[in-house]
Amino acid sequence: MSETNQNQTQQAQPKRKRILSGIQPTGTPTLGNYVGAVRNWALLQKDYDCLYMVADLHSLTVREEPAALRRRTRELSALLLAAGIDPVNSVLFVQSHVPSHTQLAWVLACNTQYGQLTRMTQFKDKSAKHPDNVNGGLFTYPVLMAADILIYNADLVPVGEDQTQHLEITRDIAQRFNNLYGPTFTLPDGYVPKAGARIMSLAEPTKKMSKSDPNVNSFVLMTDDRDTIVRKFKRAVTDSEGSVRYDAANKPGVSNLMAIYSTFTGKSMEEIEAEFAGKGYGDFKLAVAETVADALTPIRTEYSRILADKAYVDGVLKDGAARAARLADRMVAKVYRKIGLLQPER
Ligand code: TRP
């Protein structure tokens with residue numbers, strides 16, 4: 001092919017931007033995780049080259065039963081597949097299956113200042129919450145996350161608000177490394193999903209929906225069946241006004257339900273207010289519950305089917321790890337060379 005031809009081909013097919021994101025296998029994702037992360041992961045596949053990772057190494061910062069960790073890692077992988085992650089066009093893998101993440105993390109740790117790590121709010125929050133286990137991994141957690149991202153030269157990183165500080169430190173680490181050793185890493189941008197993404201607790205609607213909440217009625221799990229979903233929404237905290245009206249400050253419960261309904265129906269708040277004008281909360285809650293159940297039921301069915309086929313899930317993860325490792329190993333080799341580690345004979 002002549003050079004002009006090659007250029008034309010490249011112009012016709014601009015290189016797609018790369019996305020990397022991760023989710024910890026710490027329990028079944030909630031409706032909040034679905035709307036805030038998983039659903040977007042599936043949608044983003046249309047426009048980006050995507051790598052999606054089950055961050056099992058990050059979850060080691062909190063002690064967990066080995067058998068549960070192993071089971072949850074496979075379950076979460078199956079759930080991601082059920083939710084539409086395409087293992088052919090995207091790369092789905094488990095973090096610990098690609099050892100170069102931890103290799104790069106060590107190099108980056110040596111290029112990250114203690115003072116900066118002590119300023120991470122998540123480190124401060126988590127150490128306050130678990131004073132009996134303030135381990136080194138909890139402290140260097142953002143460095144491993146930086147390695148996850150930088151090792152693939154990811155352009156965009158979809159994250160929740162709680163991870164934006166970790167993304168900033170990732171950019172700092174990359175920038176400092178590039179200044180010292182020459183251009184090596186792409187500086188990633190965060191991709192924080194649009195409004196409506198922050199789903200609040202059904203029991204205390206001023207708090208974020210969380211699967212670690214002791215009140216099981218405060219959250220809907222991605223794998224809850226229709227009856228459970230309806231029951232949980234029926235119990236959702238509202239207010240005594242009795243009208244479906246959006247007012248996040250004074251009517252957080254109703255506003256949260258409206259936000260959920262809006263997310264799944266695409267209807268605006270005005271349209272929802274009109275739809276339920278003159279109707280009670282009972283009707284409204286049922287409509288929200290049915291809409292959520294309609295969205296989650298196919299995922300749940302698909303999840304059971306996929307999870308029953310362990311060989312399939314493990315095969316997908318093996319293929320994902322191999323494809324991820326090809327990219328990641330190349331980056332580690334480049335970094336090792338740049339910082340002056342003697343290259344072994346091959
Ligand atoms: N720390 C992230 C979380 O708890 C998970 C994660 C690990 C991640 N590595 C990542 C997210 C890299 C984005 C990119 O939500």
Side-chain angles (χ1 to χ4, degrees), residues 17-30 32-41 44 48-62 64 69 72-73 76-77 79-80 85 90-105 108-109 112 117 120-126 129-130 137-174 185-193 197-199 208-212 222 320-321 324 327-328 331:
K17 287 197 168 182
R18 182 173 289 164
I19 279 193
L20 174 119
S21 198
I23 182 167
Q24 293 192 43
T26 42
T28 309
T30 65
N33 300 125
Y34 179 61
V35 171
V38 178
R39 195 173 71 128
N40 295 317
W41 284 16
L44 289 164
Y48 298 93
D49 272 340
C50 300
L51 293 127
Y52 294 128
M53 178 185 81
V54 176
D56 58 345
L57 296 172
H58 274 106
S59 66
L60 297 179
T61 52
V62 176
E64 155 122 270
L69 175 59
R72 284 175 171 168
T73 301
L76 182 55
S77 306
L79 190 58
L80 293 173
I85 301 305
S90 300
V91 180
L92 177 65
F93 68 102
V94 174
Q95 189 181 28
S96 68
H97 295 180
V98 185
S100 28
H101 287 232
T102 45
Q103 293 178 296
L104 182 61
L108 297 183
T112 308
L117 289 174
M120 294 290 113
T121 53
Q122 190 172 80
F123 172 67
K124 289 191 263 186
D125 291 350
K126 287 196 178 173
K129 246 195 191 162
H130 308 279
L138 203 57
F139 188 64
T140 55
Y141 178 116
V143 178
L144 179 58
M145 184 160 157
D148 297 336
I149 297 166
L150 300 178
I151 207 164
Y152 299 109
N153 273 332
D155 299 291
L156 275 187
V157 182
V159 283
E161 272 170 82
D162 60 328
Q163 298 294 321
T164 49
Q165 201 185 20
H166 293 160
L167 208 61
E168 278 162 31
I169 199 175
T170 299
R171 289 174 60 91
D172 283 353
I173 294 170
F185 298 125
T186 301
L187 299 197
D189 284 313
Y191 180 92
V192 182
R198 208 172 137 85
I199 304 290
K208 211 176 110 174
M209 182 179 284
S210 162
K211 60 194 161 207
S212 52
M222 273 183 74
L327 302 167
M331 178 60 94

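In listed order, ligands and their atoms are each counted from 1. What you see is a predicted model, and the numbers here were worked out from it, not measured in a lab.
- Proximity of Trp41 to Ile23: side-chain heavy atoms (C-beta onward) are separated by under 4.5 Å at one or more points.
- Ile169 places a side-chain heavy atom less than 4.5 Å from the side chain of Thr112.
- Close approach of ligand 1 to Ile149 (heavy-atom distance below 4.0 Å) involves ligand atoms 12 (C), 14 (C).
- Of all atoms in ligand 1, numbered sequentially from 1 with element shown, those under 4.0 Å from a heavy atom of Leu20 are 12 (C), 14 (C).
- For ligand 1, the atoms lying closer than 4.0 Å to a non-hydrogen atom of Tyr141 are 1 (N), 2 (C), 3 (C), 4 (O).
- Val98 places a side-chain heavy atom less than 4.5 Å from the side chain of Phe93.
- Nearest to atom 5 (C) of ligand 1 among the protein's heavy atoms is Gly22 O, 3.5 Å.
- Remark: ligand 1 and Asp148 share an N or O pair separated by less than 3.5 Å (distance only, no angle test).
- Heavy-atom distances between His166 and ligand 1 stay at or above 4.0 Å for every pair.
- Contact between Thr186 and Ala154 at its shortest, heavy atoms only, is CG2-O, 3.9 Å.
- Considering both main-chain and side-chain atoms, Gln95 never comes within under 3.5 Å of ligand 1 through any nitrogen or oxygen pair.
- Within the 4.0 Å heavy-atom criterion, the part of Met53 lying near ligand 1 is the side chain and not the backbone.
- Residue Ala55 has at least one heavy-atom neighbour below 4.0 Å for each of these atoms of ligand 1: 7 (C).
- No close placement of the Tyr141 and Phe123 rings is indicated, their centers lying 6.0 Å or farther apart.
- Looking only at side-chain heavy atoms (C-beta outward), Pro142 and Leu117 come within less than 4.5 Å of each other.
- Close approach of ligand 1 to His58 is summarised as follows: ligand atoms under 4.0 Å from at least one heavy atom of the residue are 7 (C), 9 (N).
- In this structure, atom 3 (C) of ligand 1 lies nearest to the protein heavy atom Gln163 NE2, 3.5 Å.
- A salt bridge does not link Asp56 with Arg72: none of the charged nitrogens is closer than 4.0 Å to a carboxylate oxygen.
- Although no hydrogens or angles enter the test, the distance criterion places a donor-acceptor pair under 3.5 Å between the side chain of Arg18 and the main chain of Tyr152.
- Only the side chain of Val157 comes within contact range of ligand 1, with a heavy atom under 4.0 Å; no backbone atom does.
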